[in-house]
Amino acid sequence: MPRKLRKSKRKQTVSDAWIIWACDGDIPPEPDPSRDGWLEFQYFATEKELEEFWRQDGERAIREWLKTNPAGTRPSKWWAYALPYAGERRYGAELSSPFLEDETEAEYLKRHGLLLKGERI
């Protein structure tokens, strides 16, 4: 008798290759299965797709980043694709500094309420 397949109630997340790429990780060596995915994100994904990946699973990427980096910091890809203040960057243009004079990354994140729950600086 055929079984009825049920959809998973778990939220779909992006791939581990995306997490490596999003956290400024180096290209995985061959024969690592995430290598092809990393290359796809680096060279073939559109800006719109990358922004969507950050919306879908950005917190997981930041939590992974914070395992090996100080609290109050973000990977460079976060600043390029997930900075929530669209007025502070323009598509196809270099990111102009969103910081106040002498403001640190951590101070900026705190000022805008962008620190994750439990992230202390």
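As a basis for the values below, the full set of heavy atoms in this structure was taken, side chains included, without hydrogen atoms, waters or symmetry mates.
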How long is the gap from NZ on K110 to NE2 on H112, to the nearest 0.5 Å? 13.5 Å

Considering all heavy atoms of both residues, which atom of T73 and which atom of L109 are nearest to each other, and what is their separation? N-CD1, 4.1 Å

State which residues pass side chain to side chain donor-acceptor pair (under 3.5 Å) with D16; sequence neighbours excluded, sorted by chain then number. R60

Qualifying salt bridge (Lys or Arg N to Asp or Glu O under 4.0 Å) pairs, either residue in residues 112-121, two or more places apart: R74-E119

For E40, what residues pass the side chain to side chain donor-acceptor pair (under 3.5 Å) criterion, not counting sequence neighbours? none

Who are the salt bridge (charged side-chain N to carboxylate O under 4.0 Å, His left out) partners of E101, not counting sequence neighbours? none

Residues forming a salt bridge (charged side-chain N to carboxylate O under 4.0 Å, His left out) with E107, sequence neighbours excluded: none

Shortest non-hydrogen separation from G25 to W38 and the atoms involved: O-NE1, 3.1 Å

Closest contact, heavy atoms only, C23 versus P75: CA-CB, 3.9 Å

Run the salt bridge (charged side-chain N to carboxylate O under 4.0 Å, His left out) test against D36 and tell me which residues pass, sequence neighbours left out. none

Heavy-atom side-chain contact between F41 and F53 under 4.5 Å: yes

Looking at residues at least two apart in the chain, or sitting in another chain, which of them share a side chain to side chain contact (heavy atoms under 4.5 Å, CB included) with R35? I27, P28, E30, L39

Residues at least two apart in sequence or cross-chain that pass side chain to side chain donor-acceptor pair (under 3.5 Å) with W21, listed by chain then number, are Q42

With sequence neighbours excluded, what pairs up with T46 under the side chain to side chain donor-acceptor pair (under 3.5 Å) test? E49

Point-to-point distance, once rounded to the nearest 0.5 Å, from NZ of K67 to CD1 of I62: 13.5 Å

Would you call D26 and I20 a side-chain contact if the rule is heavy atoms closer than 4.5 Å? no

Partners meeting side chain to side chain contact (heavy atoms under 4.5 Å, CB included) with A22 (sequence neighbours left out): W18, W54, A61

Step-by-step side-chain contact (heavy atoms from CB on, under 4.5 Å) determination, Y108 to L114: CA-CA 8 Å; Y108 174 88; L114 297 172; 4.1 Å; yes

CG-CZ distance between L116 and R63, expressed to the nearest 0.5 angstrom: 4.5 Å

